[in-house]
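Below is one structure; the comments refer to it alone.
Predicted model only: the values in this text are computed from it and were never measured. Residue indices begin at 1 and follow the sequence shown.
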Amino acid sequence: MQLNKVIKLEKGIRNNYYTMTIPSSGRLTFHTISDRIQGVEIRDKDNNSIFFDDSNGWYKIDDFTRYLRAGQYSVRVCNYYCNDYAPEFTFYFTPENESFPETETVNNDIPETASIIPSLSGTVYTGMICSGAEKYDWYKFTAPSTCDVKLVLASLTDRVTPNYLIQDGNGNYVADGSGSDEFAHSLNAGTYYLRIGSNYAGIYTFQLKSGLSTDVSTVKLNKIKAKASKKGKVSINWNKIAGRNIAGYEIEISDRKAFYSTIKKCEAKGTANSKKITIPKQYRGKKVFVRIRAYSYPTSNEKKYSE
């Protein structure tokens with residue numbers, strides 16, 4: 001069977017059988033040029049059904065689209081009115097240019113055959129979840145050091161919602177999520193597997209990009225010093241934090257050691273290690289307490305603090 005060509009059924013033959021070769025991963029669309037085609041079935045090399053539609057004697061079946069990877073498929077086209085009509089149809093094929101091309105025999109369906117992501121540089125990769133037996137695409141990447149890895153996931157097909165799972169090199173769960181969105185996870189140095197799936201067959205893109213870790217949960221601010229001046233100002237200094245993407249610092253001053261109440265609260269930039277704060281007049285000359293914590297934004301709508 002030739003793709004992108006009009007095919008005319010012969011009169012007198014109810015079930016018409018064809019062999020169809022898909023050259024690369026892509027989108028296959030069936031289109032009835034004339035009426036009276038009542039059934040279409042597509043099977044892969046292992047005889048698994050990829051698509052089946054039977055109009056049960058109605059006028060015709062509707063056009064449909066399926067996503068297939070490179071390989072050979074068998075097709076059955078049914079004409080219930082074969083003695084009276086010789087309808088026409090065509091299969092249109094559009095390649096989807098997967099970054100890691102798949103065939104029926106060479107694919108990334110399981111972790112053992114995962115496609116290798118060479119670096120976490122933000123390269124945009126295109127993948128496809130095929131119609132039929134395929135459920136997931138697997139990818140393998142390495143975090144060279146403790147870092148934040150951002151995953152940008154997007155669907156290019158209507159109604160398709162992509163989902164992902166990250167496992168470490170031993171198959172242990174690390175993180176998961178779904179939707180066309182940006183996700184960030186702090187990872188230790190090591191090998192990881194990324195699994196991408198979707199609710200329907202279709203096309204998706206993803207990016208993996210590393211940066212300084214935004215995990216501030218273990219950040220310790222040492223050598224904190226506070227010095228008051230006669231003009232009601234308090235100069236606060238703290239140690240610089242290396243190897244973390246610090247968005248800023250939150251500073252709080254209270255007249256209570258347990259910080260039941262706050263006299264003053266302010267923030268400093270993530271690159272800073274000092275801040276001058278003016279104390280309200282009624283607290284000048286009195287003993288006050290200072291505490292400070294770092295914060296970061298793992299994602300645009302998520303704020304995390306150190307202890």
Who passes salt bridge (Lys or Arg N to Asp or Glu O under 4.0 Å) against R291, sequence neighbours left out?
E252
Please name all residues satisfying salt bridge (Lys or Arg N to Asp or Glu O under 4.0 Å) with E96, sequence neighbours left out, ordered by chain then number.
R27
Would you mind reporting whether [Y] and [X] have side-chain heavy atoms less than 4.5 Å apart?
{"X": "V40", "Y": "F30", "value": "yes"}
{"X": "V75", "Y": "F91", "value": "yes"}
{"X": "V288", "Y": "K264", "value": "no"}
{"X": "I251", "Y": "W238", "value": "yes"}
{"X": "L28", "Y": "Y73", "value": "no"}
{"X": "I13", "Y": "N79", "value": "no"}
{"X": "Y92", "Y": "N4", "value": "yes"}
{"X": "V219", "Y": "Y295", "value": "no"}

Distance (rounded to the nearest 0.5 Å) between [X] [atom1] and [Y] [atom2]:
{"X": "I37", "Y": "D53", "atom1": "CD1", "atom2": "CG", "result": "12.0 Å"}
{"X": "I7", "Y": "E88", "atom1": "CD1", "atom2": "CD", "result": "10.5 Å"}
{"X": "S49", "Y": "D44", "atom1": "OG", "atom2": "CG", "result": "8.5 Å"}
{"X": "S99", "Y": "I117", "atom1": "OG", "atom2": "CD1", "result": "8.0 Å"}
{"X": "K303", "Y": "S296", "atom1": "NZ", "atom2": "OG", "result": "10.0 Å"}
{"X": "I42", "Y": "S131", "atom1": "CD1", "atom2": "OG", "result": "8.5 Å"}

Donor-acceptor contacts under 3.5 Å from residues 271-280 side chains, at least two apart:
| residue | atom | partner | partner atom | Å |
| --- | --- | --- | --- | --- |
| K275 | NZ | E267 | O | 3.3 |
| T278 | OG1 | K233 | NZ | 2.9 |

Walk me through whether E250 and R293 qualify under side-chain contact (heavy atoms from CB on, under 4.5 Å).
CA-CA 5 Å; E250 185 179 274; R293 60 179 178 176; 2.9 Å; yes
Suppose clustering is done on Ile, Leu, Val, Met, Phe, Trp and Tyr with side-chain heavy atoms closer than 4.5 Å. Which residues sit in the same group as F289?
F259
Are the side chain of T113 and the backbone of N107 linked by a donor-acceptor contact shorter than 3.5 Å?
yes
Checking the side chain of E104 only, and the main-chain atoms of Q72 only, is there a donor and an acceptor separated by less than 3.5 Å?
yes
Indicate whether the side chain of S261 and that of D255 have a donor and an acceptor atom separated by less than 3.5 Å.
yes
Do N108 and S115 have side-chain atoms, one donor and one acceptor, less than 3.5 Å apart?
yes
Near Y173 OH, under 6.0 Å, is it more than 12 heavy atoms from other residues, nucleotides or ligands?
yes
Does K45 NZ have over 12 foreign heavy atoms under 6.0 Å away?
yes
Considering residues at least two apart in sequence or located in another chain, which fulfil the ring pair (Phe, Tyr, Trp, His ring centres under 6.0 Å) criterion with [X]?
{"X": "W138", "value": "none"}
{"X": "Y204", "value": "none"}
{"X": "Y193", "value": "none"}
{"X": "F141", "value": "Y192"}

In one Ile/Leu/Val/Met/Phe/Trp/Tyr side-chain cluster, 4.5 Å: [X], [Y]:
{"X": "F52", "Y": "I22", "value": "no"}
{"X": "I253", "Y": "I224", "value": "yes"}
{"X": "M128", "Y": "M20", "value": "no"}
{"X": "L68", "Y": "F64", "value": "yes"}
{"X": "F206", "Y": "Y136", "value": "no"}

Contact summary for [X] and [Y], nearest pair of heavy atoms:
{"X": "P23", "Y": "F93", "answer": "CG-CE2, 3.7 Å"}
{"X": "E102", "Y": "D109", "answer": "OE1-OD1, 3.4 Å"}
{"X": "N188", "Y": "A143", "answer": "O-CB, 3.7 Å"}
{"X": "S24", "Y": "P95", "answer": "OG-CB, 3.7 Å"}
{"X": "S254", "Y": "I263", "answer": "C-CD1, 3.6 Å"}

Without placing hydrogens or testing angles, list every side-chain donor-acceptor pair under 3.5 Å for residues 118-127, not counting sequence neighbours.
| residue | atom | partner | partner atom | Å |
| --- | --- | --- | --- | --- |
| S119 | OG | S121 | OG | 3.2 |
| S121 | OG | T123 | OG1 | 3.3 |

Under the side-chain contact (heavy atoms from CB on, under 4.5 Å) criterion, do L9 and Y85 qualify, and how do the steps go?
CA-CA 8 Å; L9 299 179; Y85 299 96; over 6 Å; no
Sorted by first residue and then second, give each salt bridge (Lys or Arg N to Asp or Glu O under 4.0 Å) pair with at least one member in residues 126-135; sequence neighbours left out.
R69-E134
Side-chain donor-acceptor pairs of residues 151-172 under 3.5 Å, sequence neighbours excluded:
| residue | atom | partner | partner atom | Å |
| --- | --- | --- | --- | --- |
| S155 | OG | T157 | N | 3.2 |
| S155 | OG | T157 | O | 2.9 |
| S155 | OG | V160 | O | 3.1 |
| T157 | OG1 | I203 | N | 2.8 |
| Y164 | OH | D176 | O | 3.4 |
| Y164 | OH | H185 | NE2 | 2.7 |
| D168 | OD1 | N170 | N | 2.9 |
| D168 | OD1 | G171 | N | 3.1 |
| D168 | OD1 | N172 | N | 2.8 |
| D168 | OD2 | N172 | ND2 | 3.1 |

Are V77 and F89 close enough, and set up right, to give a side-chain contact (heavy atoms from CB on, under 4.5 Å), and what steps lead you there?
CA-CA 9 Å; V77 181; F89 71 93; 3.9 Å; yes
How would you list all residue pairs meeting side-chain hydrogen bond (donor to acceptor under 3.5 Å, both in side chains) that involve residues 8-22, not counting sequence neighbours?
N15-R76
